[in-house]
Amino acid sequence: MKHFLDIHTTDPADLRAMISHARAMKAARRDRPRGAPDDEQPLKGRMVALIFEKPSTRTRVSFDVGVRQMGGETMVLSGADLQLGHGETVADTARVLSRYVDLVMIRTFEEATLHELADHATVPVINGLTNRTHPCQIMADVMTYEEHRGSIADRKVVWSGDGNNVFASWAHAAGQFGFDITFTGPEPLDPEPDHLAFVRSRGRRAEIVRDPVEAVRGADIVVTDTWVSMHDPQSARERRHNQLRPYQVNEALMAAAGPDALFMHCLPAHREDEVTSAVMDGPQSVVWDEAENRLHAQKAVLRWCLGV
Ligand code: CP
Ligand code: NVA
C-alpha cells in the first residue's frame, strides 16, 4: 500500500513518473469540457474521502473533479463533521474509514494527525496540506515549471517570505528533483533546519540570503506565499506583516531576478501584501497554470497510490 505523505519520503523515480503521467493525462484531455470523463476510468467503483480540517478552494475542487474525471466518487467531509472533532482517536477513525472507502485525502492542522491516520489506515492516505508540508502543491509546481521551461534539474528556486509549509515541500522537491533553493526572509521566520539539511544531503545547494535583491539574482523561479498561514495565530498578523514587508515580490524584485524567471504562488494570494498585482497578473506569472496543474498532478498521485 502506498501513501503519499511527503515528497522527501517518496522515491524520486516515482515522483518523476507521476509528473510524466500527469502531463500525459493533461494532454489527453485537451479541448474537452471540464466535466467530461477521461477515456480511461481507472477509479471506476472507487470511493475517495476528502477530509478538511481547514478551508480550501483548490485542493478541495481539484481532488473532487480529478476523482470524478477518472470514474470514481468522492465524499467531502469537514473535520467538524467527523467524530474526530469530538474525541474519537485518529487511529480509530483510520480503522473505520478503511472499511468504507478506498483512499483518504486529508488537510489537517497537525502533521501528527496525518501520520497517525496513515499508520492505522489500511487504504492509501494523501497529504492535502499540514502545518509542516504541502506536497501535492509542489508536484503541480514542478510540472508547471517544466511545461514552461523544460527540466527543473539544476535550476535555482528562490523563496521570498515566510519559511512555511509550502517552502518545506519546495525544499524536499529540490533534494528529490535535483535543483538548488535559496530562502530569503526575516530570521525569525527562517525555515526549519531539517528541510535545508535534506536538500544538502542530496548534494544540492540550500542557502539563506537576507537581502532579497541579492537572493533573486540568477533565479529561474521566484516564489512566495501568504505571510500568515492558516495554522498561524491571528495575533501574529501585524508583527509578521512588518517583518515580511521587505520581502514582497514586486516588479523591482522580479527585475532583479531577470526576464526569464517565472513567478509562482500556490494561492490564495493576498494582493499587495506578499505579491503585487503587477507581478501576479504580469508576463512572468504562471499562477493559474499552477492551480490547473493541481488537478492533473493529483490524478497521477491518486493512480500511483491505488496502483491503477
Ligand atoms: N494552494 C492551495 O492548496 O489552495 P487551497 O487552500 O485553496 O486548497
Ligand atoms: N501556507 C498556506 C498555504 C495555503 C495553501 C497555509 O498553510 O495557510
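All values below come from the heavy atoms of this structure, side chains included, with hydrogens, waters and symmetry mates left out. All residue numbers in this chain count up from 1 along the given sequence. These figures come from a predicted structure and were not determined experimentally. Start at 1 and go down the list; that is how both ligands and their atoms are numbered.
- Every atom of ligand 2 is numbered from 1 in the order shown, and the set under 4.0 Å from a heavy atom of Asp225 is 1 (N), 2 (C), 3 (C).
- Using cut-offs of 30° and 60° on the angle between ring planes, the pair His172 and Phe198 is perpendicular.
- Salt-bridge check for Arg32 with Asp39: passed, with a basic side-chain N closer than 4.0 Å to an acidic carboxylate O.
- In this structure, of Asn165, Val166, Val228, Thr59, the residue bringing a heavy atom nearest to atom 7 (O) of ligand 2 is Asn165.
- In summary, the side chains of Glu292 and His296 do present a donor paired with an acceptor at a separation below 3.5 Å, with no hydrogens or angles considered.
- In this structure, atom 4 (O) of ligand 1 lies nearest to the protein heavy atom Arg58 NE, 2.8 Å.
- A 6.0 Å sphere centred on CD of Glu40 holds no more than 12 heavy atoms belonging to other residues, nucleotides or ligands.
- Taking atom 3 (O) of ligand 1 as the reference point, the nearest protein heavy-atom neighbour is His134 NE2, 2.8 Å.
- Under 4.0 Å is where a charged nitrogen must lie from a carboxylate oxygen, and between Arg205 and Asp154 no such pair does.
- Of the polar atoms of Ser229, at least one N or O is found under 3.5 Å from an N or O of ligand 2, judged by distance alone.
- Side-chain contact check for Asn250 and Thr276: no donor-acceptor pair (N or O, by modelled atom type) lies under 3.5 Å.
- Among all protein heavy atoms, the one lying closest to atom 8 (O) of ligand 2 is Met230 N, 2.8 Å.
- Residue-ligand proximity, Thr57 to ligand 1, at heavy-atom distances under 4.0 Å covers atoms 5 (P), 7 (O), 8 (O).
- Ligand 1 has no nitrogen or oxygen under 3.5 angstrom from a nitrogen or oxygen of Arg60.
- Contacts with ligand 1 closer than 4.0 Å are made by no heavy atom of Leu129, backbone or side chain.
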Check against side-chain hydrogen bond (donor to acceptor under 3.5 Å, both in side chains), Thr144 and Asp289: CA-CA 6 Å; Thr144 303; Asp289 293 335; over 6 Å; no
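- Within 6.0 Å of the CZ atom in Arg29, the count of heavy atoms belonging to other residues, nucleotides or ligands exceeds 12.
- Looking at ligand 2, you won't find any N or O of Pro268 less than 3.5 Å from one of its N or O atoms.
- Under 3.5 Å, the side chains of Asp162 and Ser229 contain no donor-acceptor pair of N or O atoms.
- The protein heavy-atom contact nearest to atom 6 (O) of ligand 1 is Arg107 NH1, 2.8 Å.
- Counted by atom type alone, His134 and Ser169 present zero donor-acceptor pairs between their side chains at under 3.5 Å.
- Of the heavy atoms in Asp162, none comes closer than 4.0 Å to ligand 2.
- Each of Arg294, Gln298, Lys299 was scored for a side chain to side chain donor-acceptor pair (under 3.5 Å) with Ser62, with one residue passing: Gln298.
- For atom 2 (C) of ligand 1, the closest non-hydrogen atom on the protein side is Arg294 NH1, 3.3 Å.
- Of the polar atoms of Cys266, at least one N or O is found under 3.5 Å from an N or O of ligand 1, judged by distance alone.
- Residue contact check: Leu129 has heavy atoms under 4.0 Å from atoms 3 (C), 4 (C), 5 (C), 7 (O) of ligand 2.
- In the vicinity of Asn164, heavy-atom distances shorter than 4.0 Å reach the ligand 2 atoms 1 (N).
- Taking distance alone, with nitrogen or oxygen atoms compared against 3.5 Å, Met230 stays at or beyond that limit from ligand 1.
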